[in-house]
Amino acid sequence: MQSLPGFRDFFPNECARRNYITGTWRRIARSFGFREYDGPTLEPLDLYRKKNSGGEILGQLFSFTDKGEREVALRPEMTPTVARMLIAKAREYRKPIKWFSIAPFFRYEKQQSGRLREFLQLNCDLVGDDSSAADAEMLALLIETMRAFGLTENDIVVRVSDRRAWMKFLAGKGVTDETKAREVLSVIDKLERDSPEALQAKLAPFGLTLGDLTDFIETARPAFFTALNENLAARGLEGFCQLDLRIVRGLAYYTGLVFEVFDRRQDRRAIAGGGRFDRLLSDLSDGKVDLPAIGFGIGDVVLGDLLADLPDTRAKMEAAMADGQACDVFVVVADESRRNEALGVVQLLRSLGRRVDYPLQSDKVARQFKDADASGASVALVVGNEWPKLKVKDLKARTETDLAQEALADWAANLQTPAP
RNA sequence: GUGGCCGUAGCUCAAUGGCAGAGCCCCGGAUUGUGAUUCCGGUUGUUGCGGGUUCGAGUCCCGUCGGCCACCCCA
């Protein structure tokens with residue numbers, strides 16, 4: 001038996017890696033004053049079938065009929081869920097609402113590098129503020145999250161665009177109907193993939209040429225970007241962002257700013273993406289809740305691949321993974337007749353918050369030191385016939401010093417452990 | 001969902017249609033209180049699975065499952 005295609009087993013090492021990524025996500029989101037929330041993994045199919053998500057995501061739903069004849073789907077994204085939650089209790093929270101979640105998502109796609117059927121995503125949303133300052137704050141949160149893994153502006157780029165700039169441009173070209181404008185956006189979305197001939201053919205019905213679009217992309221300098229850039233420059237983060245009007249994103253609900261994060265060196269799929277959806281809450285609540293919102297998601301798969309590929313970020317990740325699985329102290333029972341005293345030492349150290357391991361059965365000292373080494377502990381405490389004295393062995397320096405039993409608690413309290 | 005490439009030990013890989021191997025890892029041992037390295041020994045296995053061709057298939061053919069890549073799309 002093996003796991004289903006696109007689903008992962010998390011052995012301790014993979015689990016440590018996952019915890020490093022999700023732990024870093026959580027720490028940075030909290031540092032921006034965001035509060036954690038969560039929702040159900042399984043949702044009514046209708047939540048996605050209504051025009052909220054739109055686009056390709058409908059064809060990628062992991063859906064089935066449950067035993068109560070309900071049509072259900074494993075969630076493919078967080079936005080519809082959080083939108084429902086916001087609509088239900090929007091009045092209870094002071095604005096702006098700043099929420100994040102870390103949760104698994106499911107899409108029924110053929111797996112490929114950077115794309116699985118179950119993946120984790122950090123979702124951050126800021127609701128109730130439609131200002132450029134809110135946009136900049138979200139981009140800063142996105143960038144800081146990347147920086148927390150050791151990624152620099154040489155490694156990644158945030159390609160920033162705005163659907164309003166396109167709408168204005170299209171209106172100037174006579175495309176005023178919103179449905180038609182949206183169709184043009186989906187052509188722009190494929191600008192980097194389709195052949196020029198195919199693009200021309202798709203644009204002709206709208207009275208547009210490929211040249212119209214490429215001219216706009218190359219020459220337009222919309223005001224929104226200047227404001228964003230100034231805000232980010234005040235934080236020293238402007239080097240991460242780049243105006244790129246080719247980004248429009250596939251999801252139907254975006255209304256303004258849209259952005260995606262890419263690896264600067266390699267041609268891999270987007271690491272993160274998001275945008276502004278100022279009308280979604282109103283649309284879903286039939287106008288009862290009318291709050292502007294901006295959000296983004298970061299997946300763990302592409303990000304994890306990138307972190308493993310770059311030497312600096314890999315070293316940082318591996319150090320965190322090692323620490324996440326290590327003990328602080330390994331107690332060596334050098335004299336089996338002192339096992340009870342050793343258990344007392346173990347108990348004391350654990351009560352002081354230290355991560356402690358020791359041999360469950362009588363074993364040769366040489367073997368115990370091998371186990372001590374494998375435990376990741378930086379020190380071994382030897383309990384033997386010199387009791388009530390102990391020996392402290394520094395496992396890296398291979399030096400040994402004496403320690404009186406009464407001094408054990410102070411020693412443990414001052415023990416240096418590697419910072420997470 | 002469509003197309004291409006691939007599938008041998010836990011991992012990385014080798015074997016002309018002719019007896020299934022190496023390294024790493026793991027486990028045990030080298031005169032019973034100190035973990036590097038070393039030395040000796042041990043398990044590495046339904047060659048993904050099921051058919052077919054053949055005296056004989058890891059090798060050739062068909063199917064199937066799984067993986068990688070492209071399309072698609074995006075985390």
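Every chain is numbered from 1, with letters handed out A, B, ... down the list of sequences. Treat the numbers as computed from the prediction; the structure is a model and nothing was measured.
- Relative ring orientation between A:Tyr108 and A:Phe62 is described as perpendicular, the plane-to-plane angle rising above 60° on a 0-90° scale split at 30° and 60°.
- A:Arg398 comes within 4.0 angstrom of a nucleotide base, judged by non-hydrogen atoms across all strands.
- Counting any heavy atom pair closer than 4.0 Å across all strands shown, A:Glu400 reaches a base atom.
- Atom P of nucleotide B:rA75 and atom CD of A:Gln111 are separated by 18 Å, given to the nearest angstrom.
- The side chain of A:Lys190 has B:rC73 as its nearest neighbour among B:rC73, B:rU34, B:rG1.
- Pair check for B:rG18 finds B:rC55; Watson-Crick or G-U wobble, both atom distances under 3.5 Å.
- A donor atom on one side chain and an acceptor atom on the other are found under 3.5 Å apart for A:Thr209 and A:Asp212.
- Counting any heavy atom pair closer than 4.0 Å across all strands shown, A:Val382 reaches a base atom.
- The CZ-C1' distance, from A:Arg268 to B:rA75, rounds to 13 Å in whole Å.
- Side-chain N/O atoms of A:Gln112 include none lying less than 4.0 angstrom from OP1 or OP2 on B:rC68.
- With A:Phe10 as the aromatic partner, A:Arg18 meets the cation-pi criteria of under 6.0 angstrom to the ring centre and within 45 degrees of the ring axis.
- In summary, the aromatic rings of A:Phe369 and A:Phe330 are positioned with their centroids too far apart to meet the 6.0 Å limit.
- Counting non-hydrogen atoms under 4.0 angstrom, A:Ala372 reaches nothing in the nucleic acid.
- As rounded to whole Å, 7 Å separates atom P of B:rG1 from atom CZ of A:Arg117.
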Verify side chain to side chain donor-acceptor pair (under 3.5 Å) between A:Ser186 and A:Asp189, making sure each step is shown before the conclusion. CA-CA 5 Å; A:Ser186 74; A:Asp189 193 33; over 6 Å; no

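- Annotation: B:rU12 and B:rG42 have their P atoms spaced 25 Å apart (nearest Å).
- Residue ring and base: A:Phe105 does not count as stacked with B:rA75 (centre distance below 5.5 Å and interplanar angle below 30° not both satisfied).
- In this structure, B:rU47 makes no Watson-Crick or G-U wobble pair, since no nucleotide meets both defining distances under 3.5 angstrom.
- One can place NZ of A:Lys110 at 13 Å from P of B:rA70, the figure rounded to the nearest angstrom.
- Electrostatic pairing of A:Glu386 and A:Arg338 does not count as a salt bridge here, judged by no charged N lying under 4.0 Å from a carboxylate O.
- Going from the P atom of B:rC40 to that of B:rU31 covers 16 Å, rounded to whole Å.
- Between B:rG67 and B:rG48, the distance separating the two P atoms is 16 Å to the nearest Å.
- Between A:Lys316 and A:Asp312, none of the side-chain N atoms (NZ, or NE/NH1/NH2) sits under 4.0 Å from a carboxylate O, so this pair counts as no salt bridge.
- Note: CZ (A:Phe330) to C1' (B:rG35) measures 11 Å, nearest angstrom.
- Using a 4.0 Å heavy-atom cutoff across all strands shown, A:Leu395 reaches at least one base atom of the nucleic acid.
- For A:Leu86 against A:Val127, the heavy-atom pair with the smallest separation is CD1-CG2, 3.6 Å.
- B:rC55 and B:rA70 are spaced 44 Å apart, taking the P atom of each and rounding to whole Å.
- Taking atom P in both B:rG63 and B:rG4, one finds a spacing of 11 Å when rounded to whole Å.
- Taking the P atoms as reference points, B:rG23 lies 22 Å from B:rG29, given to the whole Å.
- Among the atoms of the strands shown, base atoms are found under 4.0 Å from some heavy atom of A:Arg107.
- Listed candidates were B:rG66, B:rC74, B:rG35. Nearest to the side chain of A:Asp189 is B:rC74.
- Remark: the separation of the P atoms in B:rA15 and B:rG7 is 12 Å, to the nearest Å.
- A:Gly304 comes within 4.0 angstrom of no nucleic acid atom, judged by non-hydrogen atoms across all strands.
- A:Ile271 comes within 4.0 angstrom of sugar-phosphate atoms only, judged by non-hydrogen atoms across all strands, and of no base.
- Nucleotide B:rG29 holds its P atom 8 Å from the CG atom of A:Asp363, rounded to whole Å.
- Note on A:Ser113: a side-chain N or O is less than 4.0 Å away from OP1 or OP2 of B:rC69.
- B:rU31 makes up no base pair with any nucleotide shown, lacking Watson-Crick or G-U wobble contacts both under 3.5 Å.
- A donor and an acceptor atom sit less than 3.5 Å apart, one in the side chain of A:Glu109 and one in the base of B:rA75.
- Note on A:Arg367: a side-chain N or O is less than 4.0 Å away from OP1 or OP2 of B:rG28.
- Comparing the C1' positions of B:rC73 and B:rC61 gives an interatomic distance of 36 Å, to the nearest angstrom.
- Map A:Leu4 and A:Arg115 each onto its nearest nucleotide of RNA chain B; the residue landing nearer the 5' end is A:Leu4.
- Nucleotide B:rG3: paired with B:rC69 (Watson-Crick or G-U wobble, both distances less than 3.5 Å).
- Using the Watson-Crick or G-U wobble rule with both distances under 3.5 Å, B:rA36 pairs with nothing in any strand shown.
- Following rounding to the nearest Å, A:Gln361 (CD) and B:rC27 (C1') show an atom-to-atom distance of 15 Å.
- Residue contacts shown for A:Asp394 include a base, since a base heavy atom lies under 4.0 Å away.
- Across all strands, A:Lys364 comes closer than 4.0 Å only to sugar-phosphate atoms, never to a base (heavy-atom distances).
- When each of A:Val261, A:Leu243, A:Asp244 is tested with A:Arg159 by the rule side-chain contact (heavy atoms from CB on, under 4.5 Å), just one qualifies, namely A:Asp244.
- Residue contacts shown for A:Asp300 are absent, as no nucleic acid heavy atom lies under 4.0 Å away.
- The nearest whole Å value for the distance from the CG atom in A:Leu61 to the P atom in B:rG1 is 15 Å.
- Base engagement by A:Glu386 is indicated by at least one non-hydrogen atom pair under 4.0 Å involving a base atom.
- When both pairing distances are held under 3.5 Å, B:rG23 makes a Watson-Crick or G-U pair with B:rC11.
- Under 4.0 angstrom from either OP1 or OP2 of B:rC71 there lies no side-chain N or O belonging to A:Arg269.
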